[in-house]
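One is the number of the first residue; the rest follow in order along the sequence. Both counts, for ligands and for their atoms, begin at 1 and track the order of listing.
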Amino acid sequence: AKAQGRNTLCFFDPQMQATASARSLLEADLRQALARSEFLVHYQRLVDADNRVLGAEALVRWQHPQRGLVPPMEFIGLAEQTGLILPLGRAVLRSACEQLARWAAHAASAHWTVSVNVSAHEFRHPGFVEQVLAILQETGAQPALLKLELTESLLLHDVEDCIAKMQVLRSRGVGFSLDDFGTGYSSLTYLKRLPLDQLKIDQSFVRDVLTDPNDAAIACTIVTLAQSLGLDVVAEGVETEGQRQFLLNNGCRCFQGYLFGRPGPAEALLQP
Ligand code: C2E
Ligand code: CA
Ligand code: CA
Ligand code: CA
């Protein structure tokens, strides 16, 4: 009885109570936001060694009626836990593919790619592949201009199933990028087996690349690794010309970060 008493006390910890009700409020809010289409997609450019636009990463935002523009860190986790990431992810992918189709209509942007983040819950969902193919078809977007960004932790779970799904989409031309590379637990042996097109050097290695020799060594190793595996490599979170120059000198040819542009409405990409 005493032990139970402790458990009960623990269960009714006011801190936890507050957290639990804040979460259920947020969950209800998220459901309503989906119904009201309060989510919008911002785009951040990826550029080549000459600062020319190669494409953009789609980054979701929540246009909250009271709170304003809410960043993904504040709702993606809960959307994953509640399964709401499925309709949300579909909406983002659809919007990104519609954007691709619009870019395709103008010569200057016809070759631009769009990268879309895919969460573990979405990718493991049995209907994922069919969903992506259906959205490509409905929007008329060119599959070869779509890149799906996956993370290492997602791919560690049931590697065979992941490879099978990736192969189907890849056979239609869809590309795959490994996001936040270096922060997970990738074993190099299966990195070789995954049908990837691109590695993204996590911004945590780029931030201090000029001052921290370990970060510099890791960033350079990822560039070399990508080259030897025949993959493209993108440095994320590039904020200064110094960081860009260092990465460029060490073989990186594709960049993303505030130095080139913050995430914003798709139209902003047309401005230099
Ligand atoms: P991520 O995929 O690693 O995306 C890059 C994040 O870095 C973005 O944050 C971007 O705004 C930020 N960033 C870009 N350049 C710089 C820079 O130079 N310096 C710094 N400090 N940050 C930079 P954001 O938009 O807040 O997104 C955070 C995370 O939320 C994303 O990280 C991604 O994991 C997740 N996310 C965003 N949109 C979606 C989505 O549609 N679906 C899913 N499943 N996850 C998403
Ligand atoms: Ca990403
Ligand atoms: Ca990233
Ligand atoms: Ca990240």
Side-chain angles (χ1 to χ4, degrees), residues 30 33-34 38-47 51 55-63 68-99 113-125 128 131-132 135 146-155 175-184 186 196-210 215 219 222 232-244 247 254-266 268-269:
L30 268 179
L34 269 165
E38 289 173 4
F39 293 98
L40 55 90
V41 180
H42 274 176
Y43 294 87
Q44 185 181 33
R45 66 185 70 200
L46 275 77
V47 301
N51 288 359
E57 178 173 2
L59 295 158
V60 69
R61 272 92 182 91
W62 179 3
Q63 181 67 69
L69 216 55
V70 181
M73 285 311 187
E74 292 182 31
F75 59 88
I76 289 287
L78 189 63
E80 275 244 317
Q81 289 160 35
T82 54
L84 289 172
I85 195 72
L86 296 177
L88 178 59
R90 271 199 297 276
V92 172
L93 182 64
R94 180 177 302 277
S95 185
C97 287
E98 285 167 355
Q99 190 55 57
T113 60
V114 77
S115 302
V116 176
N117 293 285
V118 177
S119 75
H121 191 104
E122 287 175 87
F123 192 67
R124 286 177 202 152
H125 189 265
F128 180 75
Q131 192 93 81
V132 173
I135 290 174
L146 174 65
K147 273 196 174 61
L148 298 178
E149 297 198 354
L150 309 177
T151 55
E152 292 166 80
S153 54
L154 177 163
L155 291 167
F176 285 92
S177 179
L178 191 48
D179 203 359
D180 305 339
F181 188 69
T183 61
S186 282
L196 291 164
D197 299 276
Q198 184 182 76
L199 298 181
K200 290 187 91 169
I201 306 173
D202 190 66
Q203 46 189 338
S204 62
F205 304 117
V206 172
R207 192 176 306 127
D208 300 322
V209 82
L210 295 179
D215 287 344
I222 296 174
D232 294 335
V233 63
V234 183
E236 335 183 79
V238 180
E239 296 184 356
T240 69
E241 182 53 36
Q243 292 166 342
R244 189 191 86 94
L247 291 158
C254 180
F255 308 94
Q256 181 182 357
Y258 295 165
L259 179 65
F260 317 98
R262 295 202 173 229
L269 259 81

*Asks:* Atoms of ligand 1 less than 4.0 Å from Q44 heavy atoms?
*Replies:* 14 (C), 15 (N)
*Asks:* Do any heavy atoms of G89 fall under 4.0 Å from ligand 1?
*Replies:* no
*Asks:* Rounded to the nearest 10°, what angle sits at the Ca ion (ligand 2) between OE2 of E57 and OD1 of N117?
*Replies:* 90°
*Asks:* Can a salt bridge be assigned to the pair K200 and E57 using a cut-off of 4.0 Å between side-chain N and carboxylate O?
*Replies:* yes
*Asks:* Using a 4.0 Å cutoff against the non-hydrogen atoms of S119, which atoms of ligand 1 qualify?
*Replies:* 44 (N)
*Asks:* Measuring from atom 8 (C) of ligand 1, which candidate in T183, L59, V92 has the nearest non-hydrogen atom?
*Replies:* L59
*Asks:* Among the heavy atoms of Q256, does any lie under 4.0 Å from an atom of ligand 1?
*Replies:* no
*Asks:* To 10°, measure the OE2(E236)-the Ca ion (ligand 3)-OD1(D180) angle for me.
*Replies:* 100°
*Asks:* If hydrogens are left out, which of D202, V238, V70, N117 has an atom nearest to atom 46 (C) of ligand 1, that is, the closest non-hydrogen atom?
*Replies:* N117
*Asks:* Who gets closest to atom 16 (C) of ligand 1 by heavy atom: F123, F260, Y258, F75?
*Replies:* Y258
*Asks:* Could you check which N/O/S atom of E149 is closest to the Ca ion (ligand 2)?
*Replies:* OE1
*Asks:* Between F75 and V70, is the side-chain contact (heavy atoms from CB on, under 4.5 Å) condition met? List the steps.
*Replies:* CA-CA 8 Å; F75 59 88; V70 181; 3.9 Å; yes
*Asks:* With side chains defined as the heavy atoms from C-beta onward, is the minimum distance between V132 and L93 less than 4.5 Å?
*Replies:* yes
*Asks:* For the residue pair S119 and E80, confirm or rule out a side-chain donor-acceptor distance under 3.5 Å.
*Replies:* yes
*Asks:* Below 4.0 Å from any atom of ligand 1, is there a heavy atom belonging to R207?
*Replies:* no
*Asks:* Pairs of nitrogen or oxygen atoms closer than 3.5 Å, one from E239 and one from ligand 1: do any exist?
*Replies:* yes
